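Read through the structure below, which is laid out as structure tokens, and then see the notes.
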Amino acid sequence: MPVARPLRRSVMVFGTALSCLSSLLPASGLAQSPAEDQVEQNQDSLGNSAPFMNQAGMGITVKGLHLPRASQKKDDDLDTSDNLLGTMGGLRTWLYKYGITLDMEDVEELWGNTSGGAPTSADVRTGSGTGPAYDAVTAPTLRVDLEKLIGLKGGIFNISALQTRGRSITQDHLANYNPVSSYEADRSTRLFELWYRQLLFDGKLGIKIGQQNLESEFMLTNYGGLFLNSNFGWPMAPSVNLYSGGPSWPLASPALRVRYHVTHAFTVLAAVADDNPPGNRYNAFTIQNGGNTADQTNQVTHDGSGTRFNTGSGALLIGELHYTLNRQPEDLSDATKDPGLPGIYKLGGFYDTGKFPDYRYNTRDQLMGKNGGFPRWDRGNWMVYAVVDQMVWRPSYKSDRSLGIFVRATGNSGDRNMVSFAADAGLNLKAPFSGRPNDTVGIGWGVGRSSSGWRRYNRTANTLVPGDENHLEITYQAEVRPWLVVQPDFQEIWNPMGGKADPRYPASSRRIGNETIFGLHTSVTF
């Protein structure tokens, strides 16, 4: 498939920018840059006091899915204590000798809302806004260390798939800006990621190319990975504003990603990717205002197998600067002194070269809320963001118990986006009880602000003007076995979708009520 002009042009600009950046990088401090494959592959470590799901060097968080610690070891002894099936009769051990690891994780969830919500449009007369829901995903991953297999140092090949099933409680009952579970997805069996990653210059530079999920590396808050609400994963603004939510779980896009460790503390992360994984032209606004009548919200309508490798729409250019405070050794039990409380601080932003519908004006430059018609298309979209992950307390540096906080905020233009500002924050207490070193309890809060363009559209249309949506989550993640995690969860959503009208009462100005939601999440690593 030929590369589309917008993506090809963006790759050329991206490469030129990297060349300029490399010429400006300081020579001092590079010898202290982390050179291990583990450090490049994962996010910067917060040590052994991070949440369980991210404990192995902060783990590889993909909507909460993580590669088990067994598959992340670099020595010759494969530890399969975190796997239900162990060595699989010796198969895993034999494959590992050649650098091949095969892992699979299965997630099952039950959800129910006891108040608020609204039925789907098909059940608006007889349906209720409350009710149960079940969703699940099985995710196999095959990873090949090419240094062990063929002697290519620093080379990793990765392929993964998703089998998603069940129903989305958010789509069926809640009508929120973003799902209350990161695992909600349309039913499918699909390719997820397919990429090759190469380390260069003693591990200081890592280049990854192929089908990628940018959510696993960009805009990521490590402490936020504990929570199930999807707003704490890929943030609310890009999920709602970009086409199909952008290259984020369960969708991936062709991309080129570069990570460069400038010094021991500073890291540059950048990527260029197709902005629209399945290739459809629907975001939250176009969905709400007609268009595709064949379930335009379905993530698999245009690319059910995940093998389309779309490059025919716009390009998403994204970059981050990381500052790591008090980087922790991989095993604190071997440390001879306290390395200090770790933290990660990030500044980033993206630019999307695609076209987006204007929320204010139609193609005749008239107020669309008043005069109707089709929205005017505006070129380009952008967002800036900041992320803070900071441990604030632990009894001693070798203790499993610790308290960490996270804060993240995003901002973007309001004329072509439904959400213009969003923020989330929370705190995690790891090992809250004696004898439970891998348990974590957390409380998180977030808000999404309806954009000025979306508010103006509704104001001129004489409909309910949206405001802010707030969400609160309280969760407890328990390691029942090394291969089994059980996580009860409570959420409260205030003013869903900023105060969307309840479809059961079209003649009134009644909004969808606040939602109280309970969930139970389980994860098994085979």
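Note that the structure is a prediction, hence the values are computed from the model and not measured. Heads up: numbering here begins at 1 and tracks the sequence.
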* Asked: Between the side chains of Ser188 and Asp186, is a donor N or O closer than 3.5 angstrom to an acceptor N or O?
  -> no
* Asked: What residue among Tyr183, Phe227, Trp111 forms ring pair (Phe, Tyr, Trp, His ring centres under 6.0 Å) with His521?
  -> Tyr183
* To do: May I ask you to check whether Gln487 and Asp489 show a side-chain donor-acceptor distance below 3.5 Å?
  => no
* Applying salt bridge (charged side-chain N to carboxylate O under 4.0 Å, His left out), name anything that partners Asp424, two or more places apart in sequence or on another chain. => Arg408
* Can you name the ring-ring contact (aromatic ring centres under 6.0 Å, His included) partners of Tyr196, sequence neighbours left out? -> none
* Structure fact -> Applying side-chain hydrogen bond (donor to acceptor under 3.5 Å, both in side chains) to Asp352 and not counting sequence neighbours gives none
* **Donor-acceptor contact present, side-chain Arg92 to main-chain Thr80, <3.5 Å** => no
* **Short side-chain to backbone donor-acceptor contact, Glu469 and Tyr177, under 3.5 Å** => yes
* To do: On the 0 to 90° scale, with breaks at 30° and 60°, tag the Phe433-Tyr476 ring pair as parallel, tilted or perpendicular.
  => tilted
* Asked: Are Lys148 and Tyr96 in a cation-pi contact, defined as NZ or CZ under 6.0 Å from the six-membered ring centre and within 45° of the axis?
  -> yes
* Restricting to pairs with a member in residues 517-526, which pass salt bridge (charged side-chain N to carboxylate O under 4.0 Å, His left out), not counting sequence neighbours? -> none
* **Under the side-chain contact (heavy atoms from CB on, under 4.5 Å) test, residues paired with Phe490 that sit two or more places apart** => Ile474, Glu492, Thr516, Phe518
* Residue list, salt bridge (charged side-chain N to carboxylate O under 4.0 Å, His left out) with Arg436, at least two apart or on another chain -> Asp439
* To do: Would you tell me whether Thr138 and Gln163 have side-chain atoms, one donor and one acceptor, within less than 3.5 Å of each other?
  => no
* **Test side chain to side chain contact (heavy atoms under 4.5 Å, CB included) applied to Leu316 and Val272, step by step** => CA-CA 6 Å; Leu316 181 69; Val272 56; over 6 Å; no
* Asked: Taking atom types as modelled and ignoring hydrogens, do the side chains of Thr522 and Glu108 form a donor-acceptor contact shorter than 3.5 angstrom?
  -> no
* Less than 4.0 Å between a side-chain N and a carboxylate O, is that true for Asp145 and Arg197? -> no
* Asked: What residues form a side-chain hydrogen bond (donor to acceptor under 3.5 Å, both in side chains) with Glu473, not counting sequence neighbours?
  -> none
* Output yes when a side-chain donor or acceptor of Thr475 lies under 3.5 Å from a complementary backbone atom of Gly442, and no otherwise. => no
* Backbone N/O of Ala315 and side chain of Thr353: donor-acceptor pair under 3.5 Å -> yes
* Structure fact -> Sorted by chain and residue number, the ring-ring contact (aromatic ring centres under 6.0 Å, His included) partners of Tyr345 (sequence neighbours excluded) come out as none
* Structure fact -> Contacts of Ala423 meeting side-chain contact (heavy atoms from CB on, under 4.5 Å) (sequence neighbours excluded), chain-then-number -> Ala409, Phe421, Val447
* Asked: With sequence neighbours excluded, what pairs up with Tyr351 under the ring-ring contact (aromatic ring centres under 6.0 Å, His included) test?
  -> none
* Asked: Are Tyr243 and Phe356 close enough that their ring centers fall under 6.0 Å?
  -> yes
* Out of Asn241, Asn412, Asn417, which residue meets the side chain to side chain donor-acceptor pair (under 3.5 Å) rule with Asn381? -> Asn417
* Structure fact -> Sorted by chain and number, sequence neighbours left out, side-chain contact (heavy atoms from CB on, under 4.5 Å) with Ala431 holds for Asp400, Arg401
* Please walk me through it: do Ser253 and Gln211 pass side-chain hydrogen bond (donor to acceptor under 3.5 Å, both in side chains)? -> CA-CA 5 Å; Ser253 280; Gln211 181 100 330; 5.9 Å; no
* Starting from the C-alpha separation in whole Å, work towards a yes-or-no answer on side-chain hydrogen bond (donor to acceptor under 3.5 Å, both in side chains) for Thr170 and Asn176. => CA-CA 6 Å; Thr170 303; Asn176 299 334; 4.7 Å; no
* Residues that Leu110 engages under side-chain contact (heavy atoms from CB on, under 4.5 Å), provided they are two or more places apart -> Tyr134
* Arg259/Glu320 salt bridge by N-O under 4.0 Å criterion -> no
